[in-house]
Amino acid sequence: MVGKILNYGSFNLDQFFTVPHICKSGETLSSTDFYVRAGGKGANQSMAIAKAGGSVFHGGKLGNDAKWSNGRAFIQVSSETGDNCIVLYPGTNGTYTKEDAAVVMDHFGQGDWVLMQNEISQGGAIMRLAAEKGLDIIFNPAPLTAGILEEFPFDKVTILIVNEHEADDLYRELHGRDAPQKKGIELAAELLAAFNSMKGVILTLGGEGVVAKFQENGQVRDFVVPARKVRVKDTTGAGDTFVGYFLAAFVRASKEDYFARVQLALEEANVASSIAVERDGAMISVPRATEVQERLKQN
């Protein structure tokens with residue numbers, strides 16, 4: 001039987017400002033467009049799992065002041081490059097407790113998955129609770145904050161998904177700021193070695209694609225998935241699309257050879273995130289499974 005997926009994560013109202021370039025200190029810019037949409041890393045990733053055909057349960061808190069929540073994300077999107085910068089206000093995402101999570105996790109156990117990010121309060125305590133319940137843990141530690149290695153039990157994580165900047169920050173927290181520079185698959189190897197209870201580390205490299213290193217039953221395998229060449233419109237939510245699609249595909253292929261599961265899930269997630277950056281917005285940019293499968297056939 002395929003395990004259930006619980007995403008214990010954030011909800012936000014995303015407020016987007018389209019600007020010629022990301023605003024500099026002291027600068028005032030006129031926005032050429034403004035819109036408000038549902039978001040939050042947790043909610044985005046749950047939407048990606050659902051659109052990928054997965055079944056997901058979302059644990060979290062909604063505020064009373066809006067349809068979704070009183071968490072806020074203020075997002076600038078450059079009309080020139082599609083790059084973004086984000087200011088977060090936690091709102092109800094800062095009121096999560098281990099006690100609330102315990103009630104939710106009574107419905108989950110061994111064989112199930114919990115997906116977590118770093119946009120809620122007491123995230124480390126909630127992750128420890130999930131580990132005690134025997135859940136497999138997939139962790140996307142974004143936004144990566146100082147002291148995250150002390151807050152979260154990385155030794156309980158099954159699969160870690162980070163971008164190259166987050167990976168470098170973790171590596172330097174582990175080995176010091178003067179540690180020799182590592183990139184790509186070498187950086188994934190360093191993190192997997194540091195947390196050898198993990199089964200895999202995935203690095204998303206933006207326009208350079210994805211690399212990963214996984215271990216299973218004494219075997220270790222490297223994965224390299226090239227980037228898809230697309231016209232980038234807005235990178236907001238691309239990482240969340242990748243995470244959700246990867247987990248949905250990985251769980252769906254549970255009867256396949258372990259490393260074949262990883263390869264399939266990486267390729268599907270890579271295509272999904274490449275479609276997402278062609279569109280505006282975060283949650284709304286997540287493609288449907290039929291779109292991803294069609295793009296896979298074309299390539």
Exercise. So, does R261 use its side chain to make a donor-acceptor pair with the main chain of E256 at under 3.5 Å?
Worked result: no

Exercise. Which one of Y245, Y258, F242 satisfies the ring pair (Phe, Tyr, Trp, His ring centres under 6.0 Å) criterion with F250?
Worked result: Y258

Exercise. If you count the non-hydrogen atoms of other residues, nucleotides and ligands that lie under 6.0 Å from CD1 in I185, is the total more than 12?
Worked result: yes

Exercise. In the single-linkage hydrophobic clustering (I, L, V, M, F, W, Y; side-chain heavy atoms under 4.5 Å), do V230 and L205 co-cluster?
Worked result: no

For this session: Indicate if V224 and L192 have the same hydrophobic cluster label, given that clusters are the connected sets of ILVMFWY residues with side-chain heavy-atom separations under 4.5 angstrom.
Result: yes

Exercise. Looking at R279, K297, K51, which one forms a salt bridge (charged side-chain N to carboxylate O under 4.0 Å, His left out) with E291?
Worked result: R279

For this session: With F195 as reference, evaluate Y171, F154, F139 under the ring pair (Phe, Tyr, Trp, His ring centres under 6.0 Å) test and give the passing residue.
Result: F154

For this session: Tell me, yes or no, whether the heavy-atom count around E208 atom CD, taken from other residues, nucleotides or ligands under 6.0 Å, exceeds 12.
Result: no

Exercise. Can I284 be reached from V56 by stepping across I, L, V, M, F, W or Y side chains whose heavy atoms are under 4.5 Å apart?
Worked result: no

Problem set entry | Point-to-point distance, once rounded to the nearest 0.5 Å, from CG of L6 to CH2 of W113 | 13.0 Å

Exercise. Shared ILVMFWY cluster between Y35 and I75, side chains joined below 4.5 angstrom?
Worked result: yes

Exercise. Are more than 12 heavy atoms from other residues, nucleotides or ligands located less than 6.0 Å from atom CZ of R288?
Worked result: no

Exercise. Ignoring hydrogens and geometry, is there a side-chain-to-backbone donor-acceptor pair from N163 to H165 under 3.5 Å?
Worked result: yes

Exercise. How about E27: does its CD atom have over 12 heavy atoms from other parts shown lying under 6.0 Å from it?
Worked result: yes

